[in-house]
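Just so you know, these numbers come straight off a predicted model, no measurement behind them. This chain uses plain numbering: 1 for the first residue, then up along the sequence. Just so you know, ligand 1 is whichever comes first in the structure, and atom 1 is the first atom listed for that ligand.
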Amino acid sequence: MTLLVVGLLSLGVLAGCGGGGSGDAIEMTVEMGINGEMKFTPDVIQAKKGDTLKITLVNKDPAVNHNFLIPALNVNSGQIPPGQTSTIEVKITQSGEHDIICDVPGHREAGMVGKLIVE
Ligand SMILES: [Cu+2]
């Protein structure tokens, strides 16, 4: 029940904040650890150089901390406990394909990786 309420609330927040905007500021949500799986959802993010991404990170995992790093851009969310949300801003300064990882021990190896693809 609590999870359902939280889910509905976050949908409401997304609907409230989404749409339109100032051109190069892009809001998105990345969920982590859905059903306890070592995954980012989505695991591919596309952007253009010069964009600023406002990424809301939602740790859906029932039991495990996760984090979100883009080493090439010096992005590190810090630890996000189960059920918690954190928002980060990422200024896209380099084109190319950048790795996204969770560096909690064992998670990267278990497949908790993604890509930021910058045109
Ligand atoms: Cu993780």
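Cluster note: Ile34 groups with no other residue, as no ILVMFWY side-chain heavy atom lies under 4.5 Å from it. When hydrophobic side chains of Ile, Leu, Val, Met, Phe, Trp and Tyr are connected at separations under 4.5 Å, Val44 ends up clustered with Ile117.
For the pair Lys115 and Asp43, the salt-bridge criterion is not met [side-chain N within less than 4.0 Å of a carboxylate O].
Looking at Ile100 and Val30, their side chains never come closer than 4.5 Å, going by heavy atoms from C-beta outward. Within the 4.5 Å cutoff, the side chain of Met28 has heavy atoms near those of the Leu53 side chain.
Around the Cu ion (ligand 1), protein N, O or S atoms at a distance under 2.8 Å total 4; waters are neither shown nor counted.
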Listing, residues 65-87 side-chain donor-acceptor contacts under 3.5 Å, not counting sequence neighbours, or none:
{"residue": "His66", "atom": "ND1", "partner": "His107", "partner atom": "ND1", "Å": "3.1"}
{"residue": "His66", "atom": "NE2", "partner": "Asp61", "partner atom": "OD2", "Å": "3.0"}
{"residue": "Asn67", "atom": "OD1", "partner": "Asp103", "partner atom": "N", "Å": "2.8"}
{"residue": "Asn67", "atom": "ND2", "partner": "Asp103", "partner atom": "OD1", "Å": "2.7"}
{"residue": "Asn76", "atom": "OD1", "partner": "Gly78", "partner atom": "N", "Å": "2.8"}
{"residue": "Ser77", "atom": "OG", "partner": "Phe68", "partner atom": "N", "Å": "2.9"}

